[in-house]
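Beneath this line is the structure, given in structure tokens, with notes to follow.
Note on naming: letters A, B, ... go to the chains in the order of the sequence lines (proteins, then strands), and numbering restarts at 1 for each one. What you see is a predicted model, and the numbers here were worked out from it, not measured in a lab.
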Protein chains: 2
Amino acid sequence: MITLTERQSLILKAIVRDYTEGGNPVGSKSLVQELPMKVSSATIRNEMARLEDLGLIVKTHLSSGRIPSIKGYRYYVDHILKPEKVDSKDLKVIQHSLGGEFHKIDEIVAQSADILSQLTSYTTFTLRPELKDSRLSGFRLVPLGNHQVMAILVTNNGDVENQTFTIPNDLTGDELEPVVRFIDDQLIGLPLQDVLAKLQHEIPFQLAHYLQDPDGFLDIFGSVLSKAASERFYVGGKLNMFNYTTKSDPKEMQSLYSLLDQTDNLASVIGSPGQHIQVRIGNEITNDLLKDYSLITATYDVDQHGQGIIALLGPTAMPYSRMIGLMGAFQRELARKLLDYYRYFDE
Amino acid sequence: MITLTERQSLILKAIVRDYTEGGNPVGSKSLVQELPMKVSSATIRNEMARLEDLGLIVKTHLSSGRIPSIKGYRYYVDHILKPEKVDSKDLKVIQHSLGGEFHKIDEIVAQSADILSQLTSYTTFTLRPELKDSRLSGFRLVPLGNHQVMAILVTNNGDVENQTFTIPNDLTGDELEPVVRFIDDQLIGLPLQDVLAKLQHEIPFQLAHYLQDPDGFLDIFGSVLSKAASERFYVGGKLNMFNYTTKSDPKEMQSLYSLLDQTDNLASVIGSPGQHIQVRIGNEITNDLLKDYSLITATYDVDQHGQGIIALLGPTAMPYSRMIGLMGAFQRELARKLLDYYRYFDE
DNA sequence: TTTTAGCACTTAACTTAATGGAGTGCTAAC
DNA sequence: GTTAGCACTCCATTAAGTTAAGTGCTAAAA
């Protein structure tokens, strides 16, 4: 366990700040000017040498200034940084952007990714509150004429998922009614996960009593169901990547971009953060493509409706203090907004 | 009007081909080796000087080889190029990818953009058959419980658009019924454009007879309606841009990328191509961001269901012959697939 | 009149060399 | 423990030189 003297701590802090703001390695001479104590550059150099021995800062070459190492950022984040109180203007932006009317949870969550990316100029991810406890609360089949039927699935959280299908023969509402009744009787109230499980085994047999050819319907139902039960990350500010990437090789840019595009990868990258704000720096992220970036993740808690995730991807040299403050504020505001929203569906 | 001798034509063709394949300016010595006639490099140089006088080829600097100018590509495309017959493997890919089951026109059209981008390694755009003649053929309001209602709109083309709304008080199907009946009576069968127009004037008054507070409903109806009536380009292979862009400046990349992301811009860029395949090269495209690229556009014709658009964006140095052949094949296959699809909805 | 060989010339791209600036580590004195 | 001084290192930038590919032009050949 590393312990730094007060002065070393101040120096590390200044190096992180300078490098984060200016982007250039920081030398002893420039440090001496802005540090509160009055010592010579030689003294600073001595201290820097010690910080380097500890592995907290590194040189880019033998005679360069220093930049923070991953370990240095880590120490900074864990021991030095104090979360900045969120800027009141930023808070207004958040509140205003979340203040509007929304028709779906997913709209709110998707919009959140956009707001956050706008405020940070980085790339952001959001995941809606987890669906583990989602239960099937309604199922409709609406005949639309012309060989089309729309299947609509509603959960106890008020989520609605729908899909339109083309069927060989037109059906009337009456013909569909037994199926809907079967679902109402047997499946309503069950967790989506359980329904999904049953779909493999019991349901096909049971449905055979109601329908001659249940396969088509099973496809439909399964398709809407898995849509409703799948977890999708929303990504905000994908383009912002261009601002903070260190890569100039288009090839690497492309693979990075694909990573963000295929939202199923994101789950493994982001993982399941704990309750408080987590910062992963450089190679602490379990994905080689991201080893030069930093990832800040946090959950937000919507009481009995479970927890969602917000995350932020940026350069390792980012203003952590401001970002953590911002994430904290967003966490709270989003949770509040969703609680409001869910209030409709609670008794 | 420019006329070239046989030999000049061959030289231009070879320059276009070489440059397209190799990416380097083409010199007289390399040309002399691959041209069918046996002349010296000096002769080729003389001819090249003439082609340069005509503005068909240019030097990148005073003593470099030549590359085709915009005008040169233009001449090549107009007078020299013969569309390559589509590769049978490519055709299979197209047919197979379009062969599956689709639930919506938009799925087919979106998928088309992806197929085409995969085959070409460029960026592609598709637009569904135009909606001008789309008529409103059905409207449903499905109460989902928990303050939610889903509005569903169906057109005579079988397009389905839907949106879920949260409403202050729960309504039963019975309460919604007069509204739906009003629409059935007054608006079914009308072109969407007309309905959209009426929404501004007559409908609000008429609805007042049926509902105390028609505003909420008007919002809902208007929202679904404009969703159904809006034209959306689908974009395929946005990432492919990284392969063919000449830009290394991230800033420019970003604006280019935004252009493709905001699909409303695309309409003005792509315009309304004629019936046959159109090639626009470099500054012939009415957008400065694209002045270093080429755009191939074509309509596809689905009889009375109107025409859609397919388009392809790539470098000016692209294998036009192959691309045009490919576009032609795709045009036919997509039209066929959609005719099949629409057959369901025709009597 | 067209084609060709020959040659002087141009330019980009690459390599090498020179220079200046920012920063470091070390030593010896404070 | 701190500081001044200094030799040293490395990057970045500029300058100069070299090579390879290609051109235009001229004068002779076909």
Can you check the [X] [atom1] to [N] [atom2] distance for me, whole Å?
X	N	atom1	atom2	answer
B:M37	C:dT4	CE	C1'	15 Å
B:K59	D:dG22	NZ	P	13 Å
B:R50	C:dT1	CZ	P	13 Å
B:Q33	D:dG22	CD	C1'	14 Å
A:I11	C:dG23	CD1	C1'	15 Å
B:L31	D:dT23	CG	P	8 Å
A:R45	C:dT24	CZ	P	6 Å
B:N24	C:dA12	CG	P	15 Å

Just compare [options] and give me whichever is closest to any side-chain atom of [X].
X	options	value
A:R7	D:dC10, D:dT2, C:dT10	D:dT2
B:N46	C:dT3, C:dT11, C:dG25	C:dT3
A:S63	D:dC11, D:dT9, C:dG25	D:dT9

Does a nitrogen or oxygen in the side chain of [X] sit under 4.0 Å from OP1 or OP2 of [N]?
X	N	answer
B:R66	D:dG24	yes
A:K38	D:dT2	no
A:K29	C:dT24	no
B:S28	D:dT23	yes

Contact list for residues 20-30 of chain A, test side-chain hydrogen bond (donor to acceptor under 3.5 Å, both in side chains), sequence neighbours left out:
A:S28-A:R45
Who passes ring-ring contact (aromatic ring centres under 6.0 Å, His included) against A:Y76, sequence neighbours left out?
none
I'd like to know whether B:F125 forms a ring pair (Phe, Tyr, Trp, His ring centres under 6.0 Å) with B:Y234, so could you lay out the CA-CA distance, the side-chain angles of the two residues, the decisive distance to 0.1 Å, and finally the verdict.
CA-CA 5 Å; B:F125 313 95; B:Y234 292 95; over 10 Å; no
Per nearest nucleotide of DNA chain C, the residue lying toward the 5' end, A:G65 or B:A42, is B:A42
Whichever of B:T43 and A:V26 has its nearest DNA chain C nucleotide further upstream toward 5'
B:T43
Would you say the side chain of B:S40 and the base of C:dT4 hold a donor-acceptor pair, judged only by whether the two atoms sit under 3.5 Å apart?
no
How would you label the contact of B:S41 with the nucleic acid (heavy atoms, under 4.0 Å): base, sugar-phosphate, or nothing?
nothing
May I ask you to say what B:T60 touches in the nucleic acid, namely base, sugar-phosphate or nothing, with a heavy-atom cut-off under 4.0 Å?
nothing
Can you find a side-chain donor-acceptor pair between B:Y257 and A:Y257 that sits under 3.5 Å?
yes
Is there a donor-acceptor contact under 3.5 Å from the side chain of B:K71 to the main chain of B:L54?
yes
